[in-house]
Amino acid sequence: MEIASKYNPAEVESKWYEYWIKNNLFHSEPDEREPYTIVIPPPNVTGVLHMGHMLNNTIQDVLVRRARMQGKNACWVPGTDHASIATEAKVVNKLAVEGIKKSDLTREEFLEHAWDWTREHGGIILQQLKKLGASCDWDRTAFTMDDIRSESVLKVFCDLYDKGLIYRGVRMVNWDPKALTALSDEEVIHKEVNGKLYYLRYMIEGDDEGRYAVVATTRPETIMGDTAMCIHPDDPKNAFLKGKKVIVPLVNRAIPVIEDEYVDIEFGTGCLKVTPAHDVNDYMLGEKYNLPSIDIFNPDGTLNENGGRYAGMDRFDVRKQIEKDLGEAGLIEKTEPYTNKVGFSERTDEAIEPKLSMQWFLKMEDLAKPAAEAVENDTIRFFPEKYKNTYRHWMENIKDWCISRQLWWGHQIPAYFLPKGGYVVAMSKEEAFAKAKQQVDYEITIDDLKQDEDVLDTWFSSWLWPISVFNGINEPDNKEINYYYPTNDLVTAPEIIFFWVARMIMAGYEYRKEPCFRNVYFTGIVRDKLGRKMSKSLGNSPDPIELMEKYGADGVRMGMLLTSPAGNDLPFDESMCEQGRNFNNKIWNAFRLVKGWEVDNNTSQPESSKIAVEWFQSKLSETITELEDLFSKYRLSEALMLLYKLFWDEFSSWYLEIVKPAYQQPIDSVTYEATLSFFDDLLRLLHPFMPFITEELWQALYNREEGESLMISFQPDAGDINKDLLSDFEDVKHIISGIRTIRLDKNIPNKEELELDIAGIHTDSFNSIISKMCNLTSIKQVSEKQAGSAGFLVGTTEYSVPLSESIDTEAELQKLEAELSYTEGFLKSVEKKLSNEKFVQNAKPEVVENERKKQADAESKITLIKENIASIYKK
RNA sequence: GAAUCGUUAGCUCAGCUGGUUCAGAGCGCUGCCUUGACAGGGCAGAGGUCACUGGUUCGAAUCCAGUACGGUUCACCA
């Protein structure tokens with residue numbers, strides 16, 4: 001049988017993915033087994049796969065595949081998110097290209113376009129996940145705006161409204177002048193901006209001496225909205241302003257000077273201009289002192305009629321113009337460079353405008369309580385744990401959630417306004433009508449009801465995801481939700497801990513009285529070599545699909561996992577995928593070797609093979625035990641590395657080399673069967689990490705029936721671990737390495753046979769292995785090392801190889817001297833410790849005992865080295 | 001500004017309740033190796049005052065305090 005010397009992933013991957021699908025192996029139905037559930041963090045429906053998705057979904061797939069192979073009923077629910085703002089922006093852009101303005105369309109027409117767009121681009125990302133090998137239950141694919149999820153969202157809205165947790169009111173909100181919508185606090189990113197601090201003169205009204213106050217502000221364009229000036233009551237330098245009125249420059253409006261301790265005397269001049277409509281703090285002052293509020297902005301960030309001569313201009317242009325105008329009017333004292341933090345929209349990167357507007361809010365305090373506790377007491381565990389702090393801090397300072405958005409793409413708020421004021425909240429217009437009739441004392445028709453134009457924040461649907469994917473909101477007692485919920489693990493990015501994770505936990509307790517998941521694995525950020533976050537705009541992100549074509553999905557999966565402990569950023573480098581690909585190739589070639597052997601039932605098993613089988617059995621068991629521990633701590637990269645070394649070093653470099661028959665010789669059947677069985681176990685262990693190549697080889701290892709698959713077989717169990725055998729074998733490796741080093745040093749080809757002399761304690765049972773691996777003709781005990789031989793120490797036993805050629809005594813001496821001085825130094829430090837009475841008294845007995853042993857070992861080693869040196873001199 | 005996490009080999013990271021798993025792993029690097037699974041490979045090597053300064057202790061990479069430098073999150077100083 002001819003098998004290519006290089007593994008070619010492309011055809012293998014699609015073949016097995018189709019096979020898994022065809023045999024319905026990803027699908028899960030409730031049964032008597034223990035469930036294992038993961039819900040996917042739904043990617044944006046019109047998004048494409050990026051490196052962050054690759055990392056995230058690889059981890060989920062590893063967890064799901066492993067759980068499935070542990071006999072659990074594993075269910076990974078896929079789906080997508082309608083991503084209100086992001087998608088709407090994309091559709092608006094697309095229409096703009098076609099010369100259509102959103103404002104020219106009706107809501108229905110716009111939504112038509114949005115659905116078209118969704119149908120066209122939606123689900124691409126899910127197809128890409130299939131390339132990665134994701135074992136999602138595709139029959140369960142959900143969308144945050146499909147019927148079940150939409151109904152769930154409305155239901156929850158109505159329910160929370162009925163409970164009095166949702167309210168409507170005019171509040172200062174974060175306004176995005178580009179997307180033309182309000183945002184929640186979490187959607188605002190504060191960035192440092194280099195600007196100026198403007199010192200403006202406000203003349204005192206009716207002051208004969210022409211005195212004035214100086215106000216320091218970063219936003220001179222908002223002066224038209226000023227309705228007061230504020231000073232600190234105890235500020236001596238501004239005391240002369242008390243009770244006066246000052247004139248707002250340019251608009252010549254008189255405003256009162258108020259006093260409040262909120263003002264920082266030290267900052268600027270100690271005078272604060274108060275613009276209640278455009279600053280959160282000024283708004284609070286306005287409330288406190290009952291100040292009028294003058295809104296000077298249009299929704300798009302241009303000035304409205306209150307902006308006087310600046311009406312119609314953009315806010316940033318006004319800032320420049322006003323600086324000029326005020327300067328000319330002699331009303332600018334000075335300007336100085338100033339750095340401050342400005343909020344920007346997460347989605348549009350537009351500077352946020354604090355704006356008073358009517359919005360819907362959700363009260364968070366009561367919802368937060370059980371959610372905070374659950375993480376605090378580890379009912380829900382975070383990996384890494386440090387995010388508990390972040391979470392706690394947010395939960396303790398939680399504010400009400402602004403859930404309305406002035407967009408069309410999303411779940412329209414189920415509130416219906418009544419003709420003479422007021423509104424009713426209901427699941428449908430019909431229901432609303434019924435309610436309305438009861439509520440009002442005048443005649444109305446259903447057409448008199450007008451539904452609120454706004455939609456809900458995207459996260460208002462995502463926070464129900466673990467419940468809504470099993471229809472647990474609409475039918476709270478259905479079989480599926482009762483079986484699959486609570487889910488087990490959530491894999492997501494720390495950036496959305498507040499947006500999503502925290503809120504899901506809240507919804508979980510509110511609607512199921514149970515945690516929505518048990519463990520949260522936070523992935524890091526995928527960065528490029530320069531440490532920059534990979535992003536579309538920087539263009540520094542490789543295309544995941546191209547990567548998979550180049551290195552194979554298994555190779556890329558491995559590359560992503562090799563160096564990414566939970567919570568750590570991943571400095572991505574293609575060389576890691578290369579390492580992954582190389583490992584695939586190693587497995588492939590090991591398989592070629594084993595499958596290429598000719599088996600002879602009449603050959604008896606050599607001693608060396610018999611021991612190797614026993615040893616590897618123990619090694620395997622040991623690794624399985626360690627693996628379980630690592631998985632329990634979600635240390636996936638370490639788990640993978642452990643398997644990497646098991647396969648490459650222990651299995652390929654040691655085990656296979658030992659049992660490998662001589663060239664063109666057959667192998668005995670006992671060893672052969674054992675080797676196949678080991679291979680089978682190794683493939684099972686590796687499968688969650690690299691599903692494709694393992695399935696390919698597992699199918700080829702034995703004759704499998706149609707429908708059989710590695711992915712639904714079981715993880716191997718750990719057997720007995722013979723610790724003595726394992727540790728003896730480590731010595732054997734050292735002996736073999738020692739001999740190899742001698743060959744290298746002395747330039748002795750492998751073909752040339754050697755002898756091995758041993759002075760000291762040695763277990764003979766491994767001689768067959770040493771002999772085979774080193775091409776030895778004899779291994780014998782000697783009282784001391786022969787002259788003219790090269791040696792090394794393993795423990796306190798001296799191994800030496802007699803050499804026919806004369807050896808370089810000078811070099812030999814140097815080596816021995818170096819070892820002697822090292823060992824003597826070592827002995828000295830041990831002796832120092834032991835002669836310290838306090839150490840002997842205070843340290844644990846076993847520690848002291850250990851030091852004594854070290855002392856004895858070092859002493860005998862020194863004696864041995866000295867003898868060797870002496871023997872060289874004798875000669 | 002506050003909170004929090006971190007600093008160990010060229011790179012990415014392990015190192016649990018102080019003492020032989022204490023100075024480790026993978027990659028990279030250096031040398032040698034052409035027939036026999038694999039050069040996408042084999043074998044053997046070199047590489048670190050564990051950021052710094054004090055302290056606790058018989059004993060510190062490990063515990064404590066401070067400093068420096070990074071990261072993350074939060075914050076209304078105009």
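By convention in this document, chain letters (A, B, ...) are assigned in the order of the sequence lines, proteins followed by strands, and residues within each chain are numbered from 1. Just so it is clear, the structure is predicted and the values come from calculations on it, not from any experiment.
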Run the salt bridge (charged side-chain N to carboxylate O under 4.0 Å, His left out) test against A:E638 and tell me which residues pass, sequence neighbours left out.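 Listed in chain order: A:R635.
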By salt bridge (charged side-chain N to carboxylate O under 4.0 Å, His left out) - contacts of A:E752 (at least two apart):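 Residues passing salt bridge (charged side-chain N to carboxylate O under 4.0 Å, His left out) with A:E752: none at all.
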When you check every protein heavy atom under 4.0 Å of nucleotides 60-65 of chain B, what one-letter string (B, S, -) results, 5' to 3'? ------
Minimum-distance nucleotide to [X] side chain [options: [options]]:
X	options	value
A:S653	B:A37, B:C43, B:U72	B:C43
A:R527	B:U72, B:U20, B:A37	B:U72
A:F498	B:C38, B:C74, B:A44	B:C74
A:R581	B:A44, B:A37, B:G40	B:G40

Taking salt bridge (Lys or Arg N to Asp or Glu O under 4.0 Å) as the cut-off, I'd like each qualifying pair that reaches into residues 189-202 of chain A, sequence neighbours left out, listed once.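 Applying salt bridge (Lys or Arg N to Asp or Glu O under 4.0 Å) to every pair that reaches into residues 189-202 of chain A, excluding sequence neighbours, yields A:K191-A:D349, A:K196-A:E323, A:R201-A:E333.
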Distance, [atom1] atom - from [M] to [N], rounded to whole angstrom:
N	M	atom1	answer
B:A46	B:G24	C1'	16 Å
B:C43	B:C38	P	14 Å
B:A9	B:A61	C1'	14 Å
B:G47	B:C11	C1'	13 Å
B:A23	B:G36	P	43 Å
B:U62	B:A51	C1'	16 Å
B:C5	B:A25	P	30 Å
B:A2	B:C13	P	28 Å

Show each protein N/O and nucleotides 22-33 of chain B N/O combination with a separation under 3.5 Å, one pair to a line.
unit_1: B:A25; atom_1: O2'; unit_2: A:K645; atom_2: NZ; d: 2.9
unit_1: B:G26; atom_1: O2'; unit_2: A:Q579; atom_2: NE2; d: 2.7
unit_1: B:C27; atom_1: OP1; unit_2: A:Y644; atom_2: OH; d: 3.3

Once you round it to whole Å, what is the distance between [atom2] of [N] and [atom1] of [X]?
X	N	atom1	atom2	value
A:I497	B:U73	CD1	C1'	9 Å
A:F591	B:A37	CZ	C1'	12 Å
A:N775	B:C43	CG	P	17 Å
A:R592	B:G36	CZ	C1'	11 Å
A:K388	B:C74	NZ	C1'	19 Å
A:K838	B:U56	NZ	P	12 Å
A:I189	B:U73	CD1	C1'	13 Å
A:F651	B:C38	CZ	P	16 Å

On RNA chain B, nearest-nucleotide positions of A:S652 versus A:D745: which is more 5'?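 The residue whose closest nucleotide sits nearer the 5' end is A:S652.
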If you find the nucleotide of RNA chain B closest to A:D569 and the one closest to A:K733, which residue's nucleotide is nearer the 5' end?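 Comparing both residues, the 5'-ward one is A:D569.
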I'd like a table of donor-acceptor pairs (distance under 3.5 Å, sequence neighbours excluded) in which one partner is a side-chain atom from residues 547-559 of chain A, with atom names and distances.
unit_1: A:K550; atom_1: NZ; unit_2: A:E574; atom_2: OE1; d: 3.1
unit_1: A:Y551; atom_1: OH; unit_2: A:E574; atom_2: OE1; d: 2.7
unit_1: A:D554; atom_1: OD1; unit_2: A:F692; atom_2: N; d: 3.3
unit_1: A:D554; atom_1: OD2; unit_2: A:F692; atom_2: N; d: 3.3
unit_1: A:D554; atom_1: OD2; unit_2: A:I693; atom_2: N; d: 2.7
unit_1: A:R557; atom_1: NE; unit_2: A:F689; atom_2: O; d: 2.9
unit_1: A:R557; atom_1: NH1; unit_2: A:D61; atom_2: OD2; d: 2.8
unit_1: A:R557; atom_1: NH1; unit_2: A:L132; atom_2: O; d: 2.9
unit_1: A:R557; atom_1: NH2; unit_2: A:D61; atom_2: OD2; d: 2.9
unit_1: A:R557; atom_1: NH2; unit_2: A:P688; atom_2: O; d: 2.9

Derivation of the side-chain contact (heavy atoms from CB on, under 4.5 Å) call for A:C230 and A:E259: CA-CA 5 Å; A:C230 192; A:E259 295 166 49; 6.0 Å; no
Apply side-chain hydrogen bond (donor to acceptor under 3.5 Å, both in side chains) to residues A:E628 and A:T625 and explain how you reach the verdict. CA-CA 5 Å; A:E628 271 156 18; A:T625 308; 5.5 Å; no
Are OP1 or OP2 of B:A75 and a side-chain N or O of A:N397 less than 4.0 angstrom apart?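 Answer is no, no contact under 4.0 Å.
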For B:C58, does either OP1 or OP2 sit under 4.0 Å from a side-chain N or O belonging to A:K832?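 So the side chain of A:K832 is outside the cut-off, no N or O lying under 4.0 Å from OP1 or OP2 of B:C58.
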Of all the heavy-atom pairs spanning A:D857 and A:T796, show the shortest one and how long it is.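 That would be O-CG2, 3.9 Å.
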Please write out each protein N/O paired with an N/O of nucleotides 15-19 of chain B under 3.5 Å, distance rounded to 0.1 Å.
unit_1: B:G15; atom_1: OP1; unit_2: A:R635; atom_2: NH1; d: 3.3
unit_1: B:G15; atom_1: OP1; unit_2: A:R635; atom_2: NH2; d: 2.8

Would you find more than 12 non-hydrogen atoms of other residues, nucleotides or ligands less than 6.0 Å from A:E837 atom CD?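 Incorrect, the count does not exceed 12.
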Under the side-chain contact (heavy atoms from CB on, under 4.5 Å) criterion, do A:M51 and A:M560 qualify, and how do the steps go? CA-CA 9 Å; A:M51 297 306 285; A:M560 308 249 31; 4.0 Å; yes
Expected output check: what is the dot-bracket annotation of RNA chain B, where ( ) and [ ] are pairs inside the strand (brackets for crossing ones), | is paired with another strand, and pairs are Watson-Crick or G-U under 3.5 Å? (((((((..((((.....[....)))).(((((.......))))).....(((((..]....))))))))))))....
Could you run down the sub-3.5 Å N/O contacts of the protein with nucleotides 76-78 of chain B?
unit_1: B:C76; atom_1: O2'; unit_2: A:N281; atom_2: ND2; d: 3.1
unit_1: B:C76; atom_1: N1; unit_2: A:N281; atom_2: OD1; d: 3.2
unit_1: B:C76; atom_1: O2; unit_2: A:Y262; atom_2: OH; d: 3.2
unit_1: B:C76; atom_1: O2; unit_2: A:N281; atom_2: OD1; d: 3.2
unit_1: B:C77; atom_1: O2; unit_2: A:D264; atom_2: OD2; d: 3.2
unit_1: B:C77; atom_1: N3; unit_2: A:D264; atom_2: OD2; d: 2.8
unit_1: B:A78; atom_1: OP2; unit_2: A:Y338; atom_2: OH; d: 2.9
unit_1: B:A78; atom_1: O2'; unit_2: A:A216; atom_2: O; d: 3.4
unit_1: B:A78; atom_1: N6; unit_2: A:D264; atom_2: O; d: 2.7
unit_1: B:A78; atom_1: N6; unit_2: A:F267; atom_2: O; d: 3.2
unit_1: B:A78; atom_1: N1; unit_2: A:D264; atom_2: N; d: 3.2

Does a side-chain N-to-carboxylate-O contact under 4.0 Å join A:K832 and A:E851?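 Between A:E851 and A:K832 there is no salt bridge, as every charged N stays at least 4.0 Å from the carboxylate O atoms.
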Carboxylate-amine/guanidinium contact A:K334 A:E336, below 4.0 Å: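 Counted as a salt bridge, because a side-chain N and a carboxylate O are separated by less than 4.0 Å.
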With sequence neighbours excluded, what pairs up with A:K828 under the side chain to side chain donor-acceptor pair (under 3.5 Å) test?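 Not a single residue meets the side chain to side chain donor-acceptor pair (under 3.5 Å) criterion with A:K828.
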Not counting sequence neighbours, which residues clear side chain to side chain donor-acceptor pair (under 3.5 Å) with A:T671? List them please.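 Applying side chain to side chain donor-acceptor pair (under 3.5 Å) to A:T671 gives A:Q605, A:D668.
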Polar atom pairs (N or O), protein with nucleotides 3-6 of chain B, under 3.5 Å:
unit_1: B:U4; atom_1: O3'; unit_2: A:N389; atom_2: ND2; d: 3.4

